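Because the structure is predicted, anything quoted here is derived from the model rather than measured.
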Amino acid sequence: MSSDIVSLITDLRHVISIGIFLLGSYRAVTIGRALVSRVYRNRAFWTVAIMIVLAITNFLDLTSLPSLIAVNTAGVILVFLPYVAELLLLFAFIDGTILAGMETDFFHRDTLKWRRGRKPLYAAFVVSVAVVFSVFSLPDANSVFLAVAGLGVAAIFAIFGFSAAALIVVSRRTPDRTMKMFLRFLGYALGVFVLDNVTTSAFSGDVGTLLDDLLSLVAAYLLYRAVMFLSPLGRVEKELGAPSQIAETEVVQSGDS
Amino acid sequence: MLVVGPPGIGKEALGYWFIRSGLTQGDYCLYVTHRPVADILRDMKGTGIGTERVPEWIASSGSPVKCDLRDATSISFNTKEAVKRNIGRRVRVATDVLSPLLVLNPLESMYAYWSQLLSELKQQDSVLFALAEDGMHPPNALTTMEQLFDGVIEMRLYEEGLAITPLFRVKKMLGLPPLHGYFRFAVSSTGMEVTPHVK
């Protein structure tokens with residue numbers, strides 16, 4: 001396949017992904033504003049943050065901005081910042097979601113020992129991200145540094161893989177159907193994200209690129225589907241007229257009966 | 001009263017206001033919950049409700065009497081005992097254990113369980129305010145349980161085009177004619193604001 005066509009497909013993937021993430025963030029913010037509970041509002045707004053960061057990183061991948069900015073070490077660091085933010089925010093979001101999912105388990109079970117292990121996981125994740133991006137921002141990284149960065153990348157995706165498993169297990173323990181589907185789709189999205197990064201490195205050339213495009217789109221779609229399960233949505237049935245029993249706005253105050 | 005809705009919609013906030021209103025009027029207030037007291041107090045503060053006055057608790061932790069979802073009989077017994085100790089007072093009981101108990105036990109036994117509990121509470125001047133998660137149960141389960149209650153309110157997010165609006169509707173209310181239509185609501189630190197929803 002011509003490299004121009006592959007490049008076009010990749011650009012198209014980025015455009016579609018940006019559209020999916022922006023639509024998903026709009027849905028999440030409208031749902032979040034309508035919810036009352038702090039836990040569920042936070043989950044919705046975190047989803048917005050993740051979607052926006054993913055849209056930004058896809059935009060950067062689509063444009064030539066990174067190459068224009070990365071002319072020196074400071075420029076390289078600036079280019080890497082959104083990707084660092086993406087990974088850190090994503091892990092924080094996953095952590096919060098797993099904790100929220102465990103709260104909906106009536107017996108408050110510690111899924112895959114997540115509560116006990118999250119601090120060491122956080123530490124390992126942050127260190128791995130710092131190592132990887134530090135090495136990649138070096139103008140001349142030697143083979144030792146690159147090997148360490150490789151280990152860092154492996155650690156990042158191992159932690160994400162474990163997180164995906166935790167999301168799916170906690171989804172099985174929550175009785176709430178909406179939360180169950182949200183957790184499950186989020187787990188699938190994260191799993192596909194990990195699969196994407198693990199498998200595409202095994203394939204080179206156009207095959208690897210096309211596989212990456214396909215899996216990235218699947219992950220984006222699964223994340224969007226998760227957003228749709230932030231809260232069940234109904235449709236207003238057609239009524240004969242507006243309610244007449246409340247003629248004006250009523251405010252139920254704390255001291256009223 | 002039964003309030004049905006998805007998680008996060010504001011059912012718990014409505015329950016907190018119900019209890020807070022009772023405390024202000026000197027009623028005996030009891031909160032029966034499968035969650036720890038600390039979680040409930042944190043939620044109440046998050047909703048803007050002061051916690052200087054608190055109800056009596058039957059909770060999973062933080063209360064003298066424990067709520068164990070695996071022992072529904074003790075939950076009913078402890079609730080009735082607490083209410084009986086306050087004969088002559090107006091009683092308000094709020095609870096979020098209906099859904100978990102309905103998930104963990106057969107529908108027929110839960111119907112009998114809540115029917116018996118409600119009939120005992122009705123012997124006193126008392127109101128039971130129960131919350132139910134509509135995402136946790138088959139539709140027939142909630143429809144069956146709704147028959148036991150004098151009033152049923154359904155809260156939900158509704159989609160109209162690109163907009164998402166929180167609305168509630170009164171499915172039934174003892175002593176009132178059928179209320180058609182939906183009502184917008186917004187929960188703030190001062191209370192709940194309700195307006196008719198016109199499509």
Applying a strict 4.5 Å limit to non-hydrogen atoms, the region of B/Arg184 in contact with chain A is neither
Specify the closest pair of heavy atoms between A/Tyr26 and B/Ala163, including all atoms of both residues, with the distance to one decimal. OH-N, 4.5 Å
Name the region of B/Asp39, side chain, backbone, both or neither, that has any atom closer than 4.5 Å to a heavy atom of chain A. side chain
Determine whether more than 12 heavy atoms belonging to other residues, nucleotides or ligands lie under 6.0 Å from atom CZ of A/Phe157. yes
Can you give me the closest heavy-atom contact between A/Leu35 and B/Pro7, atom names plus distance? CD2-O, 4.1 Å
Check whether any side-chain heavy atom of B/Lys45 lies under 4.5 Å from a side-chain heavy atom of A/Arg38, and answer yes or no. no
Cut-off 4.5 Å, heavy atoms of chain A, and the answer for B/Glu12 is neither
Please report the interatomic distance CD1(B/Ile164) to CG(A/Leu233), rounded to the nearest 0.5 Å. 5.0 Å
When the 4.5 angstrom heavy-atom criterion is applied to B/Leu104 and chain A, the contacting part is side chain
Counting only heavy atoms not in A/Tyr221, do more than 12 fall under 6.0 Å of its OH? no
If you count every heavy atom of other residues, nucleotides or ligands that lies below 6.0 Å from A/Arg33 atom CZ, does the total exceed 12? no
Tell me which of these, B/Lys11, B/Arg35, B/His34, B/Arg70, has more heavy-atom pairs under 4.5 Å with chain A than the rest. B/Arg70
For residues A/Arg177 and B/Met136, report the shortest heavy-atom separation together with the two atoms involved. NH1-C, 4.2 Å
Contacting region of B/Leu23 [heavy-atom separation from chain A under 4.5 Å]: neither
Should the heavy atoms of other residues, nucleotides or ligands under 6.0 Å from CZ of A/Arg109 be counted, would the total exceed 12? yes
